Amino acid sequence: MAGVPRTQIPELDRAYKYGFVTEIDEDRAPPGLSEDIVRFISAKKGEPEWLTEWRLAAYRHWLKMTVPHWARVNYPPVDFQDITYYSAPKAGQGPKSLDEVDPQLLATYEKLGVPLHERAILAGVAVDAVFDSVSVATTYKARLEQDGIIFCSMSEAVKRCPDLVRRYLGSVVPPGDNFYAALNSAVFTDGSFVFIPKGVRCPMELSTYFRINAAKTGQFERTLIIAEAGAVVSYLEGCTAPKRDENQLHAAVVELIALDEAEIKYSTVQNWYPGDENGKGGIYNFVTKRGACRGRRSKIMWTQVETGSAITWKYPSCILEGEGSVGEFYSVAVTNHAQQADTGTKMIHIGRDTRSRIVSKGISAGRADNTYRGLVRVGTLADRARNHTQCDSLLIGDRCGAHTVPYIESKNASARIEHEATTSKIGEDQLFYCRQRGLKPEDAVALIVNGFCREVLQTLPMEFAVEAQKLLGVSLEGSVG
Amino acid sequence: MALLQIEGLKVAVAGKEILRGIDLELVPGQVHAIMGPNGSGKSTLAYAIAGREGYEVTGGRALLDGTDLLELEPEERARAGLFLAFQYPVEIAGVGGVTFLKTAYNALRKERGESELDAMQFLKLVRAKATALGVGDDMLKRAVNSGFSGGEKKRFEILQMALLEPRVAVLDETDSGLDIDALKVVAGGVNALRSPTRSMLVITHYQRLLDYIVPDVIHVMAAGRIVRSGGKELALELESTGYAAHAGAPA
Ligand SMILES: Nc1ncnc2c1ncn2[C@@H]1O[C@H](COP(=O)(O)OP(=O)(O)O)[C@@H](O)[C@H]1O
Ligand SMILES: [Mg+2]
């Protein structure tokens, strides 16, 4: 039915249902960043000397770095002296059990649908919840300890297993890796730590819930996951933040280490506050996530569903060192209204017979911009390395943009690299077909978008796939008239 | 009272008048056929009734059981009981057939204040209806209309109709692209849905379909007008004389 005039697609307000603020006494540092603040954070957390020095070295490195500008995102310069780098709910440093957790906080998580408490056990999910800068509660710890699994906040790990932390922290993302990683290394406040010992298959999904609550606060969490030889773990993170008019900075670092035949699956459902329809407020999500497949036939799989944030800048990557190791990246990135996303992955093939697979689904609506940026690099020793990239963009309306920027560098002639890319629009014919069957336009869009993302959503654990599907629908509300 | 009442309907597409005053009246239980050469405006009529964007109604009325369809959004027309079997069913990549059917079915139940069926209940229902149309599990699992043959697409349309149980169904060239065996299956499906409380408007280019779905009334459309109406014998007459004999019909 070519030739039928398209009507303009008006934008309606999108309801962000996680936009509430929790009234809680916060213990916070004065705004701004200096060596004193770095020392303050380290002291607050009772850290050993080596870690304080590690942070300071990162800070000094950061001072010499400049904000990266290569991504296709636009925003006014961030004033790093106007940010609070430490903010913790006052009730306590390191609650010992759920009973010690501020009931207000528990109520917040309840509202967010995080299964703390018995709900966690029913759902079979162990949850570490990070509220602003501090890890609030880690459920289901005892059960995991029976298998020798350590799942706790990063602060606790520094105390409980300092050798592991010292050995692996910064070993995948060095403190000077990039501007935001350096910043994170200097001021990271908490995050999750996971250690799965040799041969252990983690008996449940591990999950962390991040929430930014305090105003003018940056969140800099640091996550470290180590899977020893033959260990298997699936880890999930979810994120929300209150509606605020100013932009808030989130600069996390995630490091994964997989030894021989270990398998790490890392899934993210990112729903930070995206700002309003005019682009006011929202989270700046500048995140460095990287996994090292150090062992033979090890495997790291990233799945991300990115629906929130005003700006998303992240490239979960795999360094495929181990012979026959496998890296996978499955991504759905949705941008609506004035949101911007520049996201993708890096697959660095170093070992022989390494394989990688990239499936990226970008969805753009309103006047949003969505860029896939991906690097596939094959080193001289990576004989028979293989990569397959599938990169699909879906446009809703005609004021949004989709861009695909693949970088391919191969130094090994036996490598096989395939890249496929498509761009499509939600057609008037598809919408009409669905509406003729009684579906409202927003339900039709949700259905079509879910179909478009199916390959990625399928890789999420069941409960979260359902959640992610709903989130996609909500994120695109108001994108068609 | 008529279940579907169309009076003086005029429709323009991209500023050009395509339908120039259509009158139709289908009482409950009736099946009417609209025949006419390509480009005479048959699909335009179907889309205009269903509320497709770009089909601008410039005059006249269309009522379903007394409700003014033209006031309603497409999905509201569907919920009021209007079903359109598409001449060219649309592919929706990645959306499984069952998911699609279930979403549509439950939307309708919700509208009627009935509880939604869960996955198991629904699968049972849809399988029963699908078997009669020769639609197997394998086809239900595939994405909607993706890689379907012409015949499969048309059977899937009729399956949707069987499931949604509309009060008024408009079937646009449901016979096109079907071999004789597929045609019989589809016609059987349609006939099974004939009921004293339902009306159907069957659009076709060929007389052949009307051997299997026998209409109560036949209309001949040419250049955006109904130029003749009559009983089923009209189809046979057209078969021998062709459309060219009718006034205003393009060559
Ligand atoms: N989307 C459209 N854009 C422009 N012209 C159209 C469109 N749809 C139909 N028409 C025109 O309207 C007339 C009737 O078309 P149609 O209703 O499809 O006829 P039929 O179904 O009887 O073959 C034709 O002249 C066709 O070119
Ligand atoms: Mg037609």
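Chain naming here is simple, since letters A, B, ... match the order of the sequence lines and numbering starts at 1 in each. What you see is a predicted model; the values in this text were computed from it and never measured.
Proximity to chain A is limited to the side chain of N145(B), based on heavy atoms less than 4.5 angstrom apart. Neither the backbone nor the side chain of E111(B) comes within less than 4.5 Å of any heavy atom in chain A. Within the 4.5 angstrom heavy-atom criterion, only side-chain atoms of L164(B), from C-beta onward, approach chain A. Contact annotation for L101(B): neither backbone nor side-chain heavy atoms come within less than 4.5 Å of a heavy atom of chain A.
Between the side chains of S331(A) and Q304(A), at least one donor N or O sits under 3.5 Å from an acceptor N or O. Between the side chains of Q5(B) and R61(B), no donor-acceptor pair of N or O atoms lies under 3.5 Å. If you check the side chains of Q30(B) and H32(B), you find a donor sitting under 3.5 Å from an acceptor. For the 3.5 Å distance criterion, the side chains of N387(A) and T389(A) qualify, holding a donor opposite an acceptor.
Y433(A) is linked by a ring pair (Phe, Tyr, Trp, His ring centres under 6.0 Å) to F86(B), F100(B), counting only residues two or more places apart in sequence or in another chain.
For the set Q430(A), Q436(A), R454(A), K440(A), the count of heavy-atom pairs under 4.5 angstrom toward chain B peaks at Q436(A). When each of A93(B), A107(B), P89(B) is scored by its heavy-atom pairs under 4.5 Å with chain A, the top score falls to A93(B). Per-residue counts of heavy-atom pairs under 4.5 Å with chain A were compared for P166(B), A80(B), A104(B); the largest is that of A104(B).
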Please step through salt bridge (Lys or Arg N to Asp or Glu O under 4.0 Å) for the pair K314(A) and E306(A), ending with a clear verdict.
-> CA-CA 10 Å; K314(A) 69 181 271 207; E306(A) 305 281 323; 2.4 Å; yes

